[in-house]
Amino acid sequence: MNKEELKNRTKDFAHRCVKLCVVLPHSYLGNHIRGQLTRCSTSVAANYRAACLGQSKAAFISKISIVIEEADESEFWLEFIIDEKLFPEEKVEALKQEAHELASIFIASRKTSQRN
């Protein structure tokens with residue numbers, strides 16, 4: 001997968017998470033998760049774009065590390081939505097899997113960058 005495809009994939013992930021957030025219940029917990037998931041999922045896309053700007057290797061590794069943390073946090077909040085039964089599991093599972101896959105991709109990318 002090339003840089004542009006990953007940019008699109010992370011942006012699509014952010015859009016899908018935001019759409020899920022819009023339909024979460026308007027309760028204290030729903031509002032809290034809405035803010036957290038919106039923040040971390042959009043951060044995945046924004047920080048990946050920043051990592052692609054071609055700065056130093058150290059800057060790239062730093063930004064990719066943020067992307068990994070935010071993807072993992074997104075996965076946490078998606079799990080929490082399922083655990084709290086705020087939305088049907090079958091409608092959240094694909095997004096949770098995507099968060100996990102994105103984190104795995106960026107972990108591999110960071111390892112490659114650290115070796116070179």
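Along the sequence shown, residues carry numbers from 1.
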Once rounded to the nearest 0.5 Å, what's the spacing between atom [atom1] of [X] and atom [atom2] of [Y]?
X	Y	atom1	atom2	value
Glu98	Thr10	CD	OG1	9.5 Å
Ser62	Gln55	OG	CD	9.5 Å
Ser41	Leu95	OG	CG	8.5 Å
Met1	Ser109	CE	OG	12.5 Å
Glu69	Cys40	CD	SG	11.5 Å
Leu6	Leu102	CG	CG	7.5 Å

Side-chain contact test, heavy atoms from C-beta onward, threshold under 4.5 Å: evaluate it for [X] versus [Y] and give yes or no.
X	Y	answer
Ile107	Ile64	no
Cys17	Thr38	no
Ile81	Leu20	yes

Keeping to residues at least two apart or across chains, list the salt bridge (Lys or Arg N to Asp or Glu O under 4.0 Å) pairs with something in [range].
range	answer
residues 77-89	none
residues 30-42	Arg39-Glu70, Arg39-Glu73
residues 101-116	Arg9-Glu101

*Look at the side chain of Asp12 and the backbone N and O of Asn8, then say whether any donor-acceptor pair between them is shorter than 3.5 Å.*
no
_Donor-acceptor under 3.5 Å (Asp72 side chain, Ile68 main chain)_ = no
*Report whether Phe80 and Leu86 are members of the same hydrophobic cluster (ILVMFWY, side-chain heavy atoms less than 4.5 Å apart, transitive linking).*
yes
*Transitively linked via ILVMFWY side-chain contacts under 4.5 Å: Leu24 with Phe76?*
yes
*Check each of Phe60, Phe106, Phe13 against Tyr48 using the ring pair (Phe, Tyr, Trp, His ring centres under 6.0 Å) test, and report the only one that passes.*
Phe106
*Tell me, which pairs form a ring-ring contact (aromatic ring centres under 6.0 Å, His included) where one or both residues lie in residues 26-46, sequence neighbours left out?*
His32-Trp77
*side chain to side chain contact (heavy atoms under 4.5 Å, CB included) between Ile82 and Phe87: does it pass, once the steps are laid out?*
CA-CA 6 Å; Ile82 293 167; Phe87 209 72; over 6 Å; no
*asked:* Glu4: which residues meet the salt bridge (charged side-chain N to carboxylate O under 4.0 Å, His left out) condition with it, sequence neighbours left out?
replied: Lys7
*Results of salt bridge (charged side-chain N to carboxylate O under 4.0 Å, His left out) for Lys96 - residues two or more places apart only*: Glu93
*asked:* Ignoring hydrogens, what is the shortest heavy-atom contact between Ala71 and Ala99? Give both atom names and the distance.
replied: O-CB, 3.7 Å
*Closest heavy-atom pair and its distance - Ile61, Ser113*: CG1-CB, 3.9 Å
